[in-house]
Number of protein chains: 2
Amino acid sequence: MRVCKDGFQREFIEDKSDMYTIAFTQNILSGRWKYFILWYLKGHTRRYSDIKAFLGDLSQGSLSKQLRELEKDGVIERKVYPVVPPKVEYSLTEKGTKLMPILDAMETFGKAYGEQPDDTSLV
Amino acid sequence: MRVCKDGFQREFIEDKSDMYTIAFTQNILSGRWKYFILWYLKGHTRRYSDIKAFLGDLSQGSLSKQLRELEKDGVIERKVYPVVPPKVEYSLTEKGTKLMPILDAMETFGKAYGEQPDDTSLV
DNA sequence: GAACATAGTACATTTTTGTGTACTTAGGGA
DNA sequence: TCCCTAAGTACACAAAAATGTACTATGTTC
């Protein structure tokens with residue numbers, strides 16, 4: 001029971017705060033490619049061109065945008081080497097590695113219920 | 001090492017299949033409100049109007065759409081009582097409960113790194 | 001001195017999502 | 001008789017996300 005802005009007392013059946021922490025996490029992960037990028041970076045340092053090649057069917061603009069957002073949220077790190085042609089490496093930060101249990105849980109669910117995609121589509 | 005469609009052998013540094021299972025799960029969870037709906041259904045059977053009231057700031061059309069998608073994906077169950085005015089109850093299926101570890105992992109991350117929202121915003 | 005490579009940016013356009021408004025159903029109450 | 005309720009649907013519209021195309025930088029190689 002709690003006093004609200006309107007002066008009345010109300011019983012709060014749910015505490016929404018847990019939900020807000022989920023929303024916070026969701027914001028970081030929202031984006032068509034972010035799970036894939038994070039998954040690909042798991043345990044590796046990768047160059048921009050490798051990520052691009054791995055994901056394949058996305059434009060440079062999209063990739064750059066997703067990477068910038070992940071960097072802004074502090075889950076990946078960007079290391080620029082001052083060479084020509086440019087070389088930039090991406091890796092997970094410690095915060096980023098803390099997202100891995102989420103990916104693992106998604107993988108577990110997907111393995112239990114998902115269909116295997118056509119193998120040739122991977123080649 | 002594997003023979004590809006183009007006839008060449010290639011070394012596959014990554015096996016993408018795990019990533020596809022993540023994509024499968026992501027598809028089920030994509031949608032502005034789905035995490036919230038699932039979270040709210042955790043351990044409870046809820047009426048349409050309760051879900052609407054809980055989420056607050058979304059239209060009937062949006063809510064119906066999200067619920068239909070979750071039902072189609074088999075993660076929630078819809079039970080209609082033939083009364084007037086209508087009564088419809090939603091609950092998690094067993095498949096739906098298997099998504100909970102994902103929400104839990106997101107909550108853990110959010111608790112570690114998220115800021116608490118202004119408490120008054122919840123009232 | 002022209003072309004190549006990598007890692008981008010800028011901007012217009014398309015696609016995907018989400019929203020707002022109006023409408024429906026049928027029994028019970030004023 | 002008319003309005004109320006809960007749980008929707010239908011459709012046009014707006015906002016957000018993703019995409020495609022063109023462009024940039026600069027040291028090295030041909």
Side-chain angles (χ1 to χ4, degrees), chain A residues 13 19 22-41 44-73 75-92, chain B residues 13 19 22-41 44-73 75-92:
Chain A
I13 302 149
M19 207 185 66
I22 291 176
F24 170 82
T25 307
Q26 190 189 3
N27 277 342
I28 290 177
L29 291 171
S30 75
R32 174 100 176 65
W33 303 95
K34 286 190 185 160
Y35 289 98
F36 300 158
I37 294 169
L38 292 168
W39 185 84
Y40 187 58
L41 291 178
H44 301 270
T45 293
R46 311 280 198 179
R47 296 186 63 172
Y48 180 92
S49 52
D50 292 332
I51 300 172
K52 175 86 177 63
F54 175 69
L55 296 176
D57 208 14
L58 95 168
S59 64
Q60 288 178 310
S62 299
L63 180 54
S64 294
K65 188 154 164 283
Q66 308 266 309
L67 288 169
R68 279 198 307 276
E69 287 174 11
L70 289 168
E71 193 193 0
K72 178 179 62 59
D73 288 327
V75 296
I76 67 172
E77 190 175 5
R78 181 167 175 269
K79 188 171 178 191
V80 182
Y81 294 85
V83 295
V84 169
K87 176 178 176 180
V88 179
E89 285 180 347
Y90 292 91
S91 56
L92 294 177
Chain B
I13 302 148
M19 209 186 66
I22 291 176
F24 170 83
T25 308
Q26 190 189 4
N27 277 340
I28 291 177
L29 291 172
S30 74
R32 174 101 178 65
W33 303 95
K34 287 190 185 162
Y35 289 98
F36 300 159
I37 293 169
L38 293 169
W39 184 84
Y40 187 58
L41 290 179
H44 300 270
T45 293
R46 310 280 198 179
R47 294 187 63 174
Y48 180 92
S49 51
D50 293 332
I51 300 172
K52 175 87 178 61
F54 175 69
L55 296 176
D57 209 14
L58 95 167
S59 65
Q60 287 179 311
S62 299
L63 179 52
S64 294
K65 189 154 163 280
Q66 306 267 307
L67 288 170
R68 280 198 307 277
E69 287 174 12
L70 289 169
E71 193 193 359
K72 178 179 63 60
D73 288 327
V75 296
I76 67 172
E77 191 175 5
R78 182 169 175 267
K79 187 172 178 189
V80 182
Y81 295 84
V83 295
V84 169
K87 177 177 175 180
V88 180
E89 284 181 348
Y90 293 92
S91 56
L92 294 177

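Letters A, B, ... are given to chains in the order of the sequence lines, protein chains preceding strands, and every chain is numbered from 1. Atoms considered below: every heavy atom in the structure, side chains included; atoms not considered: hydrogens, waters and symmetry mates.
- With a cutoff of under 4.0 Å to any heavy atom of chain B, the contacted region of DNA chain D is bounded 5' to 3' by D:dT5 to D:dT9.
- In terms of position on DNA chain D, the residue among A:G61 and B:V80 whose nearest nucleotide sits closer to the 5' end is B:V80.
- When side chains are defined from C-beta on, B:Q26 counts as touching A:F36, because their heavy atoms get closer than 4.5 Å.
- Residue-level contact check: B:S62 touches the bases, meaning some heavy atom is under 4.0 Å from a base atom.
- Checking the phosphate oxygens (OP1, OP2) of C:dA7, a side-chain nitrogen or oxygen of A:R47 falls inside 4.0 Å.
- Between A:L63 and A:I37 there is a side-chain heavy-atom pair separated by less than 4.5 Å.
- Nucleotides of DNA chain D nearest to A:P86 and B:R68 differ in position, and the one nearer the 5' end is that of B:R68.
- At the heavy-atom level, B:S64 lies under 4.0 Å from base atoms of the strands shown.
- Distance CD (A:E69) to P (C:dG8): 15 Å, rounded to an integer number of Å.
- Atom CD1 in B:I37 sits roughly 10 Å away from atom P in C:dG18 (whole-Å rounding).
- Here the side chains of B:D50 and B:Y40 are in contact, with some heavy-atom distance below 4.5 Å.
- We find that OH of A:Y48 is positioned 16 Å from P of C:dA5, with the value rounded to whole Å.
- To the nearest 0.5 Å, atoms CG (B:L67) and CH2 (B:W33) are separated by 12.5 Å.
- Counting only heavy atoms from C-beta on, B:R32 has its side chain closest to C:dG18 among C:dG18, C:dG20, C:dT6.
- Distance, B:Q60 CD to C:dT24 C1': 12 Å, rounded to whole Å.
- Considering all non-hydrogen atoms of both residues, B:K52 and B:L58 come closest at NZ-O, 3.0 Å.
- Across all strands, B:Y81 comes closer than 4.0 Å to no nucleic acid atom at all (heavy-atom distances).
- Among the atoms of the strands shown, only primed sugar atoms or phosphate atoms (P, OP1, OP2) are found under 4.0 Å from some heavy atom of A:K87.
- As judged by a 4.0 angstrom heavy-atom cut-off over every strand, A:Q66 is placed among residues touching the sugar-phosphate backbone only.
- Between the P atom of C:dT9 and the NZ atom of A:K52 lies a distance of 15 Å, rounded to the nearest Å.
- When the C1' atom of C:dA7 is taken as reference, atom CG of A:D50 falls 12 Å away, rounded to whole Å.
- Counting heavy atoms from C-beta outward, B:F54 and A:M19 have side chains that approach closer than 4.5 Å.
- Here B:S64 pairs with B:Y48, B:R68 under the side chain to side chain contact (heavy atoms under 4.5 Å, CB included) rule; sequence neighbours left out.
- In this entry the distance linking CD of A:E89 with C1' of C:dG8 reads 16 Å, nearest Å.
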